[in-house]
Amino acid sequence: MTSDGHLIAMDNITKVYKTGKMHVEAFKGVDIRIGRGEFVAIIGPSGSGKSTLMNIMGCLDMPTAGSYNLDGQPVADMPIHQLASIRNRKIGFIFQNFNLLPYATTFENVELPLIFAGKPGQFRKERVIDCLGRVGLVDWAEHKPTELSGGQMQRVAIARSLANDPDIILADEPTGNLDSKSGREIIDLFEQLNAQGRSVVTITHDMTIANRCHRIIRIRDGLIESETRNGIHESGN
């Protein structure tokens with residue numbers, strides 16, 4: 001398979017973890033395509049490899065074998081500094097535990113990726129306010145995470161993920177620590193971001209969330225068990 005213009009193109013991806021004499025095969029030859037503007041859910045039981053897959057997609061981990069092209073660029077042989085740069089420019093991350101700096105304000109947490117990208121101060125200020133406006137938190141800019149609800153903290157994380165205008169949002173159990181109302185609001189935000197043209201990939205155990213995505217990829221025992229696209233069931237590889 002070729003990348004065919006897909007934002008994410010994975011071919012025959014394997015991942016083996018070595019612990020002493022033990023070899024654990026997390027992935028066993030997986031092919032995945034994520035197109036621009038897709039809204040995809042990745043589901044599967046605990047230990048199926050979902051988070052490993054997310055880490056590889058996000059260039060936080062490298063496959064043991066196979067090829068991965070991100071927006072047409074092969075990432076396997078990139079040096080560390082180039083990987084960090086492409087993560088910062090192309091990918092926005094959202095985590096179940098929010099991963100906010102506890103002693104930084106909402107504004108400062110959202111500003112952080114812009115500082116890493118070397119953006120000037122006035123640009124950072126305008127961009128942060130714009131991102132906070134998208135998630136309805138401009139009035140909370142000077143509050144710290146301890147002063148926010150779980151839903152508000154996840155909104156801050158979403159605003160931070162948007163700071164560098166990434167092509168793709170990767171969300172790992174983004175509603176796992178939220179009540180049902182806050183969870184629905186977060187998925188509403190994802191749908192809005194997707195409607196604006198961003199690709200969104202989310203790991204979730206919640207089928208209510210998964211069923212709102214365009215496509216569901218089911219992972220089991222290091223393989224793609226099946227895919228569902230627009231209600232059409234497709235067998236996995």
Side-chain angles (χ1 to χ4, degrees), residues 8 15 17 26-27 32 34 38-61 84 87-88 90-106 108-113 116 131-132 134-137 140 143-164 166-194 198-220 222:
I8 285 176
K15 181 64 180 181
Y17 292 102
F27 275 105
I32 288 180
I34 306 290
E38 278 202 279
F39 189 8
V40 179
I42 298 173
I43 66 173
S46 296
S48 61
K50 302 186 303 298
S51 292
T52 297
L53 179 60
M54 184 71 76
N55 287 339
I56 293 173
M57 282 186 178
C59 301
L60 297 170
D61 196 2
R87 279 197 302 267
N88 203 32
K90 295 284 185 181
I91 302 168
F93 293 95
I94 302 168
F95 301 97
Q96 178 176 353
N97 293 322
F98 319 127
N99 285 16
L100 302 178
L101 297 177
Y103 301 109
T105 65
T106 292
E108 291 165 341
N109 270 287
V110 177
E111 185 184 29
L112 199 59
F116 288 152
C131 291
L132 289 176
R134 296 187 189 196
V135 299
L137 287 179
W140 295 81
H143 290 253
K144 294 181 179 178
T146 53
E147 302 170 306
L148 305 176
S149 68
Q152 287 173 322
M153 284 192 283
Q154 196 60 293
R155 286 173 179 268
V156 175
I158 292 173
R160 180 185 58 193
S161 78
L162 296 174
N164 281 321
D167 293 315
I168 186 165
I169 302 293
L170 298 182
D172 192 353
E173 296 286 2
T175 62
N177 283 336
L178 304 180
D179 60 74
S180 58
K181 179 177 181 294
S182 296
R184 288 193 300 271
E185 291 172 351
I186 294 304
I187 298 304
D188 288 343
L189 276 173
F190 284 170
E191 288 184 334
Q192 292 169 24
L193 294 173
N194 178 247
R198 281 186 179 82
S199 299
V200 179
V201 179
T202 181
I203 286 177
T204 184
H205 284 97
D206 188 338
M207 287 306 300
T208 301
I209 294 168
N211 287 331
R212 290 175 64 176
C213 297
H214 301 159
R215 182 157 55 109
I216 301 172
I217 300 174
R218 292 173 174 82
I219 303 286
R220 183 180 293 274

Would you indicate whether the side-chain heavy atoms of [Y] and [X] approach each other to under 4.5 Å?
X    : Y    : answer
Y17  : T52  : yes
N194 : I169 : no
D172 : Q96  : no
R155 : I186 : yes
I216 : M207 : yes
I32  : L53  : yes
H205 : S46  : yes
E38  : I168 : no

Heavy-atom closest pair, residues [X] and [Y]:
X    : Y    : value
I219 : S48  : CG2-O, 3.1 Å
P174 : A171 : CG-CB, 3.7 Å
T204 : E173 : CA-OE1, 3.5 Å
V110 : C131 : CG1-CB, 4.2 Å
I94  : A157 : CG1-O, 4.2 Å
N109 : P145 : ND2-CG, 4.1 Å

Would you give the length of the straight line joining atom [atom1] of [X] to atom [atom2] of [Y], rounded to the nearest 0.5 angstrom?
X    : Y    : atom1 : atom2 : answer
L137 : M153 : CG    : CE    : 11.5 Å
R218 : K50  : CZ    : NZ    : 13.0 Å
R160 : F95  : CZ    : CZ    : 7.0 Å
M57  : I42  : CE    : CD1   : 4.0 Å
W140 : L132 : CH2   : CG    : 12.5 Å
M54  : L60  : CE    : CG    : 10.0 Å

Counting only N and O atoms by type, is there a donor-acceptor contact under 3.5 Å from the side chain of [X] to the main-chain atoms of [Y]?
X    : Y    : answer
K15  : A26  : no
T105 : E108 : yes
E147 : K144 : yes
S182 : D179 : no
R87  : C59  : yes
N164 : P113 : yes

Exercise for the section: Answer yes or no: does atom CZ of R220 have more than 12 heavy-atom neighbours from other residues, nucleotides or ligands under 6.0 Å? Expected result: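 Not more than 12 within 6.0 Å, no.
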Exercise for the section: Inspect the surroundings of CZ in F116 and state if more than 12 heavy atoms from other residues, nucleotides or ligands are less than 6.0 Å away. Expected result: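 No, the 6.0 Å shell around CZ holds no more than 12 heavy atoms from other groups.
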Problem - Stepwise side chain to side chain contact (heavy atoms under 4.5 Å, CB included) test for L193 and I158 - result: CA-CA 10 Å; L193 294 173; I158 292 173; 4.0 Å; yes
Exercise for the section: Would you please test N177 and N97 for side chain to side chain contact (heavy atoms under 4.5 Å, CB included) and show each step? Expected result: CA-CA 7 Å; N177 283 336; N97 293 322; 2.7 Å; yes
Exercise for the section: Before giving the answer on side chain to side chain contact (heavy atoms under 4.5 Å, CB included), spell out for F190 and I209 the whole-Å C-alpha distance, their side-chain angles and the decisive distance to 0.1 Å. Expected result: CA-CA 10 Å; F190 284 170; I209 294 168; over 6 Å; no
